[in-house]
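Take a look at the structure set out below.
Counting starts at 1 for both ligands and their atoms, following the listed order. We number each residue from 1, following the sequence as shown. In this text, all values refer to a predicted model and were calculated from it rather than measured experimentally.
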Amino acid sequence: MEYLYCKNDNFQDFASGRVLYGGKGIPNFPIRLLLEIYGRALAYSNKKDDLVIYDPCCGGGYALTILGYFHNKNIRKLYGSDIDEDMVAHAKKNLSLLTDANLKKRKEEIMELYNSYGKESHKEALDSCDKLSSMLVRYISTEIFLADCTMLLPEILPDIIITDVPYGNLVEWEQGKGSMDAMLEQLWRISHDNTVLVVCMDKKQKINFEEWKRLEKQNVGKRKFEILKKK
Ligand SMILES: C[S@@+](CC[C@H](N)C(=O)[O-])C[C@H]1O[C@@H](n2cnc3c(N)ncnc32)[C@H](O)[C@@H]1O
């Protein structure tokens with residue numbers, strides 16, 4: 001796949017565990033690929049500003065937080081949900097880093113670590129805090145909630161839904177077979193006519209629910225993503 005929306009860059013300031021909170025069992029997503037996928041979804045969206053974004057399998061909120069930094073001025077609200085309480089708690093912590101005040105607190109936390117252990121990695125993380133802070137130009141409202149996305153979801157009418165579904169490396173669907181289509185049905189119900197949906201999945205996973213029309217499909221390494229709109 002040719003990258004159209006994100007050049008090859010060094011994204012180390014955003015590495016999980018550096019400023020953004022990471023940890024064992026917390027999934028994350030390659031940043032360049034995420035930004036490319038989002039760029040493509042945005043190109044299909046008839047709305048470019050004041051966007052409402054939703055990730056129904058948000059894990060630790062890594063992808064949403066990254067989007068909150070890189071597309072700061074065009075996003076109004078970030079919604080995330082996950083079936084796992086620990087993930088929801090983790091996502092809340094990461095999304096909280098989208099305000100200057102909380103980023104400052106995070107910097108103080110890292111400063112304490114640096115003072116105690118004198119590690120170079122902590123010093124670098126302090127510089128990264130400043131870099132992240134310079135990217136914040138507006139307040140983004142955030143809401144993270146506990147939900148099984150194959151069941152009834154609140155009607156949040158997102159403009160773009162972007163999600164990396166479970167595929168068994170680190171995390172499995174918490175429901176049985178057919179979860180993908182059950183999720184797509186729910187997302188269809190809570191979307192407006194122009195919502196753009198992006199699903200990142202394992203190459204072997206399939207979409208059967210037919211009320212979404214496929215706009216694009218790309219294979220990238222062991223993953224694929226599909227971009228869809230309501231029929
Ligand atoms: C691949 S991870 C998502 C990674 C996330 N995009 C990130 O940036 O960190 C998939 C997530 O789906 C969640 N999950 C599994 N079954 C679910 C369900 N039925 N409803 C909602 N979330 C589910 C898992 O708890 C896991 O956090």
Side-chain angles (χ1 to χ4, degrees), residues 6 11 13-38 40-41 53-71 75 78-98 132 140 142-154 156 158 160-191 196-205 207 209 220-227:
C6 189
F11 296 108
D13 292 312
F14 301 90
S16 177
R18 188 170 171 124
V19 180
L20 269 58
Y21 296 97
K24 205 161 170 259
I26 306 287
N28 52 36
F29 198 84
I31 295 186
R32 187 180 183 208
L33 180 59
L34 171 70
L35 295 175
E36 175 66 23
I37 291 173
Y38 181 81
R40 287 174 185 240
I53 313 293
Y54 176 40
D55 181 351
C57 295
C58 73
Y62 186 73
L64 282 175
T65 309
I66 296 295
L67 293 178
Y69 278 109
F70 282 85
H71 290 271
I75 295 177
L78 289 169
Y79 283 103
S81 61
D82 200 280
I83 200 165
D84 183 307
E85 269 180 42
D86 291 341
M87 292 292 175
V88 167
H90 203 91
K92 283 183 179 168
K93 272 175 80 178
N94 269 331
L95 272 289
S96 80
L97 296 175
L98 290 170
L132 267 57
I140 299 179
T142 62
E143 200 171 322
I144 307 295
F145 54 96
L146 189 66
D148 178 344
C149 66
T150 64
M151 310 282 275
L152 215 56
L153 289 170
I156 54 182
I160 296 178
I161 303 172
I162 183 161
T163 197
D164 175 34
V165 298
Y167 32 67
N169 293 339
L170 205 53
V171 280
E172 298 275 5
W173 280 106
E174 298 278 335
Q175 296 284 311
K177 266 192 166 173
S179 297
M180 173 79 89
D181 292 316
M183 176 189 81
L184 291 174
E185 190 175 345
Q186 283 307 316
L187 295 178
W188 189 90
R189 200 184 52 78
I190 61 141
S191 293
V196 177
L197 165 64
V198 190
V199 185
C200 304
M201 59 198 125
D202 184 87
K203 267 187 188 156
K204 288 185 219 114
Q205 286 172 303
I207 288 180
F209 184 69
V220 190
K222 61 181 175 14
R223 287 192 177 92
K224 69 175 175 189
F225 68 87
E226 295 197 17
I227 305 184

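For ligand 1, the atoms closer than 4.0 angstrom to any heavy atom of Asp148 are 18 (C), 19 (N), 20 (N). Interface of Gly59 with ligand 1, defined as ligand atoms under 4.0 Å from a residue heavy atom, comprises 27 (O). Listed by number with element, the atoms of ligand 1 under 4.0 Å from a non-hydrogen atom of Asp55 are 6 (N). The distance from ligand 1 to the heavy atoms of Pro56 drops below 4.0 Å at these ligand atoms: 21 (C), 22 (N). Close approach of ligand 1 to Tyr62 (heavy-atom distance below 4.0 Å) involves ligand atoms 8 (O), 9 (O). Atom numbering of ligand 1 starts at 1 in the shown order; those under 4.0 Å from a heavy atom of Asp164 are 1 (C), 2 (S), 3 (C), 4 (C), 6 (N), 10 (C).
Between the side chains of Thr142 and Tyr79, no donor-acceptor pair of N or O atoms lies under 3.5 Å.
Taking a cutoff of 4.0 Å between a charged side-chain nitrogen and a carboxylate oxygen, Glu36 and Arg32 do not qualify as a salt bridge.
Counting heavy atoms under 4.0 Å from ligand 1, residue Ala147 touches it through the backbone alone.
Counting heavy atoms from C-beta on, the side chains of Cys57 and Asp164 never come closer than 4.5 Å. Taking 4.5 Å as the limit, every side-chain heavy atom of Thr65 sits out of range of all side-chain heavy atoms of Leu78. A heavy-atom distance below 4.5 Å is found between the side chains of Ile162 and Ile53.
Where the criterion is an N or O separation shorter than 3.5 Å, residue side chain and backbone included, Pro27 meets it with respect to ligand 1. Checking only distances, Phe29 never comes within under 3.5 Å of ligand 1, N or O to N or O. Considering backbone and side-chain N/O of Val165, none are found under 3.5 Å from N/O of ligand 1.
Nearest to atom 24 (C) of ligand 1 by heavy atom, out of Asp202, Asp82, Asp84, is Asp82.
Heavy atoms of Cys58 come nearer than 4.0 angstrom to ligand 1 in at least one pair.
With sequence neighbours left out, the side chain to side chain contact (heavy atoms under 4.5 Å, CB included) criterion links Ser96 to Asn102.
Geometric assessment of Arg223 against the ring of Phe29 yields a positive cation-pi assignment under the 6.0 Å and 45° thresholds.
You'll find the ring centres of Tyr62 and Phe14 outside the 6.0 Å limit.
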